[in-house]
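One structure below.
Both counts, for ligands and for their atoms, begin at 1 and track the order of listing. For the numbers below, each heavy atom of this structure counts, side chains included, while hydrogens, waters and symmetry mates do not.
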Amino acid sequence: MTLPGAPFVARRGDALELDGHDLAELGRRHGTPLFVYSARAMRSALAAYVEALQGREHLVCYAMKANSSLAVLQLFARAGCGFDIVSGGELERVLAAGGTASKVVFSGVGKTRAEMARALRAGVRCFNVESEDELETLNEVALALALRAPVSLRVNPDVDARTHPYISTGLKDNKFGIAHARALAAYRRAATLPGLRVVGIDCHIGSQITQVGPYVEALDRLLDLVEAVELEGIPLHHVDVGGGLGITYADEEPPPAGTLVRALLQRLDERGHGARELLFEPGRSLVGNAGVLVTEVLVLKPGAEHGGRDYCIVDAAMNDLVRPAMYEAWMAIEPCRRRADATRRWDIVGPVCESGDWLGRERELALRRGDLLAVLSAGAYGMSMSSNYNSRPRAAEVMVDGERAELIREREALPELYARERLLDT
Ligand SMILES: *Cc1c(COP(=O)(O)O)cnc(C)c1O
C-alpha cells in the first residue's frame, strides 16, 4: 500500500518502506536522525517535467537550495538537468558534484562582487538580475574581467501565488525582482551596458503553489514585457517561469508537473511564442516527496490525564527539519513498524530548548520508547535548512536506488562542531 503524496513510500505488512527499503532497518544500521532519499523518486519527478517539454527548446534547472547534498546534485547532473543557484557556495557544490556551469542560472537578490566574478569565470549560463543596482555592479565586475555577463531580469509580475506569505514572492511588496512597471526601463539600461548581454526574462512567484492559474497569469505578464522589450530591438532568447510547484504533504492536490508544463506551452503557442526557449526552476517538486526523516522515540510523557498534552520526544528536532517550526507546516508522521497497541494523540517534539521545536501535533499513534518514526515528504528544505542549534551534529543521509542503499553523508562528528573556533589567547 502506498501512502498519499509519497508514491515511493509504502507499507509492507507492518513495515514502512521507501522504494522497497525497510526504513527501520536503515535507521538501526545508520543511526538516527537519518534522512533517506529515493533516487528513482527524484528521477521520476524530473522526468515529469522533461517528458512534457519534449520537442521544445527547454532547460530544467533544479533549484538546489531545496536539497543541496552532493549526491542529489550528481543525480540531477547525470540526468542532464541544469541548476538554479542562489550563492557562490551553491555554485561550488554544483561543480564539485560534476555539474556544468553552462547549465547554471544564478538567482538571488544580493550577489556579492566576488560571487559574480567567480560565476563569470566559471561561465554560468545566465545571471537572474533582481534590481537595477545589480545591473550596474555586474556590468562593472564583467568589464574588469574583460567578460560579458549574460543577464535575464527577474521581473516581479505582481500575481498572487495563493500560498503561505513567507513563501510568496511574486507580489509587489516582496523584496524579490524588479517591479513590472520598471522592467522596460531596466532592459533599456541593460542593453546599453557593454559588460552585459541580455538573454532572457524570468520570474519566480512563490513556493508550494497548488494551482496552474497563477503561473499562467505570471507568464502572460512576462510575455507582455517580452513583446514590449523586443519592440525596442532587444531580443530575449528565453523565458524562465521559475519554480514553486507544490507537493502533497497532507491533502493538497497540486497539478502534476506535466499538466503545468502543458498549460504554459499552450499559452506560449496561443500568443505566438512557441519557439521560445522555456526554463523551469523547480526545487521542492523534484525532491520533496522523495525523502523521509527517520527518528527514534526517546521519551514518552503522557500528560493528557492531568490536563496537559501527550508528548513524544524524538531525537530529530527543529535543527534537522525546521519546516514545522518555521512555517507551521504539517508533515505526515508514520511509525516505521506499526503496532497493534492502543493509540494516543501525541505531540511529536524534538529535544531542543524551544517550545517551537515540534514536528507534528496531535498525531494518533501507538508508540513505545525506542520506536522509529518517519517524517514523510522531508526531501525538500530539510537537510538544506538544517543547523547546529543546541550544538547538535547534522544528520546522516542515505540514498536508495534499486537494490542499493548508499550513505551519501556521514553524521557530523562532535569535534567538527567547533573545529573552526579558537579559544582566547589571554
Ligand atoms: C526557491 C526558488 C526556487 C524553487 O522553489 P520551489 O518552491 O522549491 O520549487 C526557484 N527559483 C528561485 C529563484 C527560488 O528562489
Short side-chain donor-acceptor distance under 3.5 Å, Y49 and S285: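 Their side chains do contain a donor-acceptor pair, which is all the 3.5 Å distance test asks for.
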Without hydrogens or angle criteria, can the side chains of H237 and E57 be said to hold a donor-acceptor pair below 3.5 Å?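 H237 vs E57: donor-acceptor pair found between side chains.
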Over-ring placement of K111 relative to F127, 6.0 Å and 45° cut-offs: no
Determine which pairs satisfy side-chain hydrogen bond (donor to acceptor under 3.5 Å, both in side chains) with at least one residue from residues 16-26, sequence neighbours left out, and list them in order. R12-E17, D19-R40, D22-R337, E25-R29
Result block: side-chain N/O donor-acceptor pairs under 3.5 angstrom for residues 209-217, not counting sequence neighbours:
residue, atom, partner, partner atom, Å
Q211, OE1, R162, NE, 3.1
Y215, OH, G243, O, 2.9
Y215, OH, L245, N, 2.8

Donor-acceptor contacts, no H, no angles, side chain residues 135-143, under 3.5 Å, sequence neighbours left out:
residue, atom, partner, partner atom, Å
E136, OE1, R189, NH2, 2.9
E136, OE2, R189, NE, 2.7
E136, OE2, R189, NH2, 3.4
T137, OG1, D133, O, 3.2
N139, OD1, G195, N, 2.7
E140, OE1, R113, NH1, 3.3
E140, OE1, R113, NH2, 2.8

For ligand 1, give me the residues whose heavy-atom distance to it is below 4.0 Å, by chain and number please.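 Under the 4.0 Å cut-off, ligand 1 touches A63, K65, D84, S107, R154, H204, S207, G243, G244, E281, P282, G283, R284, Y381.
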